Amino acid sequence: MDFQDFLSLSPNLRKITLPGEEAHFKLAPVLRMKELENLNIDRKNPKQAAVLSVFYPAENGETSFVLILRKTYKGVHSNQVGFPGGRVELADRDLAHTALRETEEEVGIPQHEVEIMREMSRLYIPPSNFWVHPFMGIMKKTPVLVPQEDEVESVLEIKLDEFMSESCLIKETLSTSYAKEIEVPAFLLNGHVVWGATAMMLSEMKEILRQLL
């Protein structure tokens, strides 16, 4: 989709009712659903984090957005695809500022060049005990993407048209740090399997964009 067409429609993003859990659960692994059934999240005193999906014109004028492939490390999200973002810090003004600050740190997109369009539904992540607050934003020029050396293995530029296609929805059998050989719903984007919390947030984003486009 041409970015100028997307830009002209983007103010309507604020008017769309969030699908929330209904969209999240479409891409939720069965194991995740079971974890959440009888979970009292408030008792766990979750940490807070924010992530950002930035839409921008790629060099050919098509609308794209950014995901990142995290480096391999000793943690539950090692070598997984996610949105740029991270935990709230004391100096952050609000959750949107957290998302913007972390995105600049992880992929080099300057905070002042992104307009936050709206917040999506927050999502609880049991393995890391985080409430994650996702945001959608727009940048009106093609960014120079610079991966953060110690955290980001690579930056993935996702074409909006490919993301909106039904062909990117798949089922994948994989093993994680807490489960072996489980089948999960996922997105196949730029050759990478995107599942779990990121896929659940992407599912809501896709539902929102369906209403917009």
Side-chain angles (χ1 to χ4, degrees), residues 16-53 67-90 92-103 106 116 118-137 151 163 168-189 192-211:
I16 296 172
T17 301
L18 293 176
E21 287 186 345
E22 181 180 351
H24 288 164
F25 289 166
K26 289 180 181 179
L27 268 289
V30 173
L31 191 63
R32 177 64 51 84
M33 298 287 283
K34 289 179 179 177
E35 280 182 300
L36 295 172
E37 276 180 5
N38 300 306
L39 189 63
N40 187 325
I41 297 174
D42 289 338
R43 284 186 181 178
K44 290 189 165 289
N45 191 27
K47 297 160 285 187
Q48 304 292 321
V51 299
L52 182 60
S53 176
L67 295 174
I68 59 172
L69 176 64
R70 298 202 175 276
K71 285 189 176 288
T72 300
Y73 66 99
K74 291 183 179 179
V76 295
H77 303 304
S78 171
N79 199 230
Q80 290 184 11
V81 174
F83 291 105
R87 70 171 63 212
V88 172
E89 295 185 359
L90 288 175
D92 292 341
R93 295 186 300 273
D94 51 30
L95 288 162
H97 179 232
T98 301
L100 288 165
R101 174 184 55 75
E102 285 281 344
T103 297
E106 292 191 335
I116 295 289
R118 73 164 307 152
E119 185 173 2
M120 297 193 291
S121 303
R122 68 177 183 172
L123 180 67
Y124 179 67
I125 305 180
S128 53
N129 192 32
F130 267 100
W131 273 119
V132 176
H133 302 261
F135 290 83
M136 300 173 72
E151 291 189 22
F163 172 63
C168 67
L169 289 167
I170 63 169
K171 295 277 190 181
E172 183 78 0
T173 300
L174 47 79
S175 295
T176 74
S177 59
Y178 54 90
K180 303 297 181 186
E181 295 296 311
I182 56 171
E183 185 179 76
V184 299
F187 289 96
L188 183 63
L189 300 170
H192 294 272
V193 176
V194 186
W195 66 284
T198 301
M200 293 166 73
M201 289 183 280
L202 282 169
S203 179
E204 182 178 48
M205 190 171 86
K206 192 167 186 172
E207 293 289 340
I208 292 168
L209 291 171
R210 277 199 183 112
Q211 295 181 62

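Computed from a predicted structure; not experimentally measured. Sequence positions, counted from 1, serve as the residue numbers for this chain.
Under the rule for a side-chain hydrogen bond (donor to acceptor under 3.5 Å, both in side chains), the partners of Asn129 that lie at least two apart in sequence or sit in another chain are Tyr124. In this structure Glu102 satisfies the side-chain hydrogen bond (donor to acceptor under 3.5 Å, both in side chains) test with no other residue, sequence neighbours excluded. Remark: His24 engages no residue in a side-chain hydrogen bond (donor to acceptor under 3.5 Å, both in side chains) (not counting sequence neighbours). The side-chain hydrogen bond (donor to acceptor under 3.5 Å, both in side chains) search around Glu21 returns none, not counting sequence neighbours.
The CE atom of Met120 sits 8.5 Å away from the CG atom of Leu18 when rounded to the nearest 0.5 Å. The OG1 atom of Thr103 sits 8.5 Å away from atom CD1 of Ile68, with the distance rounded to the nearest 0.5 Å. From Phe130, atom CZ reaches atom CD1 of Ile125 across 8.5 Å, with rounding to the nearest 0.5 Å. Distance check: Phe25 CZ to Met200 CE gives 6.0 Å after rounding to the nearest 0.5 Å.
Side-chain contact between Cys168 and Leu189: present, with at least one pair of heavy atoms (C-beta onward) separated by less than 4.5 Å. At least one side-chain heavy atom of Glu183 sits less than 4.5 Å from a side-chain heavy atom of Lys171. You'll find the side chain of Phe187 stays beyond 4.5 Å of the side chain of Val193, heavy atoms only. Using a 4.5 Å heavy-atom cutoff, the side chains of Val184 and Leu27 are not in contact. Proximity of Met201 to Val132: side-chain heavy atoms (C-beta onward) are separated by under 4.5 Å at one or more points. The shortest distance between side-chain heavy atoms of Glu172 and Trp195 does not fall below 4.5 Å. Between Lys71 and Glu151 the shortest side-chain heavy-atom distance does not fall below 4.5 Å. Side chains of Leu123 and Trp131 form no contact here, defined as non-hydrogen atoms less than 4.5 Å apart.
The two atoms that bring Phe135 and Ala96 nearest to each other are CZ-N, 3.6 Å, heavy atoms only. Nearest heavy atom pair, residue Leu52 against residue Gly137, reads CD1-N, 3.9 Å. Across every non-hydrogen atom of Val194 and Ala199, the tightest pair is O-CB, 3.5 Å. Nearest heavy atom pair, residue Val81 against residue His192, reads CG2-CB, 3.8 Å.
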Ignoring hydrogens and angles, write down the donor-acceptor pairs under 3.5 Å from the side chains of residues 202-209, residues two or more places apart or on other chains.
residue: Ser203; atom: OG; partner: Ala23; partner atom: O; Å: 2.7
residue: Glu204; atom: OE1; partner: Ser121; partner atom: N; Å: 2.9
residue: Glu204; atom: OE2; partner: Gly20; partner atom: N; Å: 2.8
residue: Glu204; atom: OE2; partner: Ser121; partner atom: OG; Å: 2.6
residue: Lys206; atom: NZ; partner: Phe163; partner atom: O; Å: 2.9
residue: Lys206; atom: NZ; partner: Ser165; partner atom: O; Å: 3.0
residue: Glu207; atom: OE2; partner: Lys26; partner atom: NZ; Å: 2.9
residue: Glu207; atom: OE2; partner: Arg210; partner atom: NH1; Å: 3.1

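Residue pairs satisfying the side chain to side chain donor-acceptor pair (under 3.5 Å) criterion with at least one member in residues 42-52, sequence neighbours excluded, are listed as follows: Gln48-His133.
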Discussion item. Between Arg118 and Met136, is the side chain to side chain contact (heavy atoms under 4.5 Å, CB included) condition met? List the steps.
Written reply: CA-CA 6 Å; Arg118 73 164 307 152; Met136 300 173 72; 4.2 Å; yes

